[in-house]
Protein chains: 2
Amino acid sequence: MKLKTITETAELFGVSTRTIRYYEEIGLLSPARTEKNQRLYSNGELAKLKLIFRGKRYGFSLDEIKEMVLLFDKDRSGRQQLLRTIEYGKRRVQEVEGKIKELQEMKEEMEGLLDEFTEKLSQTKRG
Amino acid sequence: MKLKTITETAELFGVSTRTIRYYEEIGLLSPARTEKNQRLYSNGELAKLKLIFRGKRYGFSLDEIKEMVLLFDKDRSGRQQLLRTIEYGKRRVQEVEGKIKELQEMKEEMEGLLDEFTEKLSQTKRG
DNA sequence: TATATCATTTACGTTAACGTCAAGGTCAAT
DNA sequence: ATTGACCTTGACGTTAACGTAAATGATATA
């Protein structure tokens with residue numbers, strides 16, 4: 001378990017150190033610290049960051065991402081907590097399924113347009 | 001071809017009229033006007049709005065969306081233009097394909113987590 | 001010892017994407 | 001004629017998600 005510094009982490013994900021610190025500011029991360037107070041990022045924190053950036057790519061706000069991350073992060077030992085977590089998770093999975101469907105429609109629509117353009121092109125060629 | 005007013009359009013998409021006007025401000029829409037200068041939205045403009053909101057749902061910025069909309073919007077009659085448009089479009093389609101793949105991975109990951117939680121739950125049940 | 005590199009916190013600045021008045025014009029109903 | 005519902009164009013306000021700069025500290029290297 002090799003711990004990373006903040007610059008290493010930032011470079012790994014291609015973002016600024018400010019971004020990483022900001023995520024900590026809003027409670028998304030809680031890296032360990034060295035004796036001299038420098039941040040150290042474990043695999044766990046890196047995994048969180050992966051989730052964060054993935055979430056961002058699909059238009060989730062950091063607030064929504066926070067909900068999700070914290071949900072799968074904390075001790076959910078109580079039965080009630082577990083049930084809630086599972087219910088919430090299932091809903092999220094359905095959302096993701098919906099997004100996939102819409103993306104596929106979008107893709108088909110774009111491909112349709114491309115076909116039209118290609119058709120036009122071949123006409124231009126001949127005309 | 002029934003033209004819609006701005007409030008009808010806004011309600012149709014569940015956004016504010018300000019939002020619709022803003023999209024016009026940044027050059028995404030160009031609705032017709034009545035004699036008394038009121039905006040009227042044709043099916044074409046509505047289709048654009050559909051694309052815009054879909055794009056937003058996947059984390060595209062309005063600037064990126066603008067590129068895409070304008071691309072498929074203008075007269076692309078010249079051969080060069082057509083070729084460029086098609087190339088650009090193909091790249092976008094590949095991007096969308098990539099997004100779909102990532103979303104599927106995300107879904108599987110979430111389902112894996114849910115399985116773990118469900119497992120925990122059954123242990124709590126028995127314990 | 002001085003220079004450079006990497007880190008820290010604090011705090012003000014910026015931009016996109018709208019929200020929210022304000023002031024005014026049109027048209028139908030009371 | 002005035003109330004109300006709809007529209008218009010400014011124009012200033014707001015929030016999320018950082019950017020950027022200042023002041024400072026530890027550590028390595030020339």
Side-chain angles (χ1 to χ4, degrees), chain A residues 2-42 45-46 48-71 73 95 99, chain B residues 1-42 45-46 48-71 73 95:
Chain A
K2 209 203 151 210
L3 301 174
K4 303 214 176 209
T5 78
I6 194 169
T7 24
E8 285 167 350
T9 306
E11 277 170 9
L12 178 62
F13 290 103
V15 299
S16 72
T17 59
R18 174 68 174 102
T19 298
I20 309 281
R21 288 201 193 90
Y22 177 67
Y23 292 166
E24 185 178 344
E25 260 184 67
I26 61 175
L28 272 172
L29 300 173
S30 26
R33 300 281 183 140
T34 70
E35 290 187 349
K36 193 39 214 170
N37 204 29
Q38 288 181 211
R39 290 168 174 86
L40 288 179
Y41 295 87
S42 67
E45 299 295 299
L46 297 181
K48 271 198 231 171
L49 277 166
K50 217 172 165 186
L51 278 174
I52 292 169
F53 291 119
R54 189 177 290 176
K56 290 210 68 184
R57 257 173 269 135
Y58 303 105
F60 292 107
S61 75
L62 287 178
D63 252 44
E64 291 168 316
I65 293 172
K66 185 173 176 181
E67 269 190 87
M68 299 170 70
V69 167
L70 292 186
L71 199 66
D73 191 38
E95 270 185 41
K99 288 212 173 202
Chain B
M1 187 139 157
K2 206 200 154 213
L3 300 174
K4 303 213 176 209
T5 79
I6 193 170
T7 24
E8 283 167 350
T9 306
E11 277 170 9
L12 178 61
F13 289 101
V15 300
S16 71
T17 59
R18 175 66 175 105
T19 298
I20 309 281
R21 287 200 195 90
Y22 178 67
Y23 292 164
E24 186 178 343
E25 260 183 67
I26 62 176
L28 273 172
L29 300 174
S30 27
R33 300 279 184 142
T34 69
E35 289 187 350
K36 193 38 214 170
N37 203 29
Q38 285 182 212
R39 291 168 173 85
L40 287 181
Y41 294 86
S42 68
E45 299 297 298
L46 297 182
K48 272 200 232 171
L49 277 166
K50 217 173 165 184
L51 278 173
I52 293 168
F53 291 119
R54 190 178 289 175
K56 291 211 67 184
R57 257 174 268 136
Y58 303 104
F60 292 107
S61 75
L62 287 178
D63 253 43
E64 292 168 315
I65 293 172
K66 185 174 176 180
E67 268 190 88
M68 301 170 69
V69 167
L70 291 186
L71 199 67
D73 190 38
E95 271 186 40

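Just so you know, these numbers come straight off a predicted model, no measurement behind them. When reading the values below, keep in mind they use all heavy atoms of this one structure, side chains included, and skip hydrogens, waters and symmetry mates.
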For nucleotides 3-9 of chain C, tabulate all protein N/O to nucleotide N/O atom pairs closer than 3.5 Å, reporting atom names and distance.
residue	atom	partner	partner atom	Å
C:dC6	O3'	A:Thr7	OG1	3.4
C:dA7	OP1	A:Thr5	OG1	3.1
C:dA7	OP1	A:Thr7	N	3.2
C:dA7	OP1	A:Thr7	OG1	2.2
C:dA7	OP2	A:Thr7	OG1	2.7
C:dT8	OP1	A:Arg39	N	3.1
C:dT8	OP1	A:Arg39	NH1	2.8
C:dT8	OP2	A:Arg21	NE	3.1
C:dT8	OP2	A:Arg21	NH2	2.4
C:dT8	O5'	A:Arg39	NH1	3.1
C:dT9	OP1	A:Arg33	NH1	3.4
C:dT9	OP1	A:Arg33	NH2	3.4
C:dT9	OP2	A:Arg39	NH1	2.9
C:dT9	OP2	A:Arg39	NH2	2.7

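- The minimum heavy-atom distance between B:Lys66 and B:Gly27, with the atom names listed, is CE-O, 4.3 Å.
- In this structure, B:Leu62 reaches the sugar-phosphate backbone alone: every heavy-atom distance under 4.0 Å involves primed, P, OP1 or OP2 atoms, never a base.
- A donor-acceptor pair under 3.5 Å is absent between the side-chain atoms of B:Glu67 and the main chain of B:Glu64, judged by distance alone.
- The side chain to side chain donor-acceptor pair (under 3.5 Å) search around B:Glu25 returns B:Arg18, not counting sequence neighbours.
- Taking 4.5 Å as the limit, every side-chain heavy atom of A:Leu12 sits out of range of all side-chain heavy atoms of A:Tyr41.
- Ionic pairing of B:Glu45 and B:Lys48 is present here: one or more N-O contacts between side-chain nitrogen and carboxylate oxygen are shorter than 4.0 angstrom.
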request  = Tell me, with the steps shown, if B:Val15 and B:Phe53 meet side-chain contact (heavy atoms from CB on, under 4.5 Å).
outcome  = CA-CA 10 Å; B:Val15 300; B:Phe53 291 119; 3.7 Å; yes

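- Relative to the six-membered ring of A:Phe60, A:Lys99 meets both conditions, a distance below 6.0 Å and an angle of at most 45° to the axis.
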key: side-chain contact (heavy atoms from CB on, under 4.5 Å) evaluation trace for A:Gln38 with A:Thr5   = CA-CA 8 Å; A:Gln38 288 181 211; A:Thr5 78; 5.6 Å; no

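- Contacts of B:Thr34 with the nucleic acid, taken as non-hydrogen atoms under 4.0 Å apart, are absent.
- Interface limits on DNA chain D: the 5'-most and 3'-most nucleotides within less than 4.0 Å of chain B heavy atoms are D:dC6 to D:dA11.
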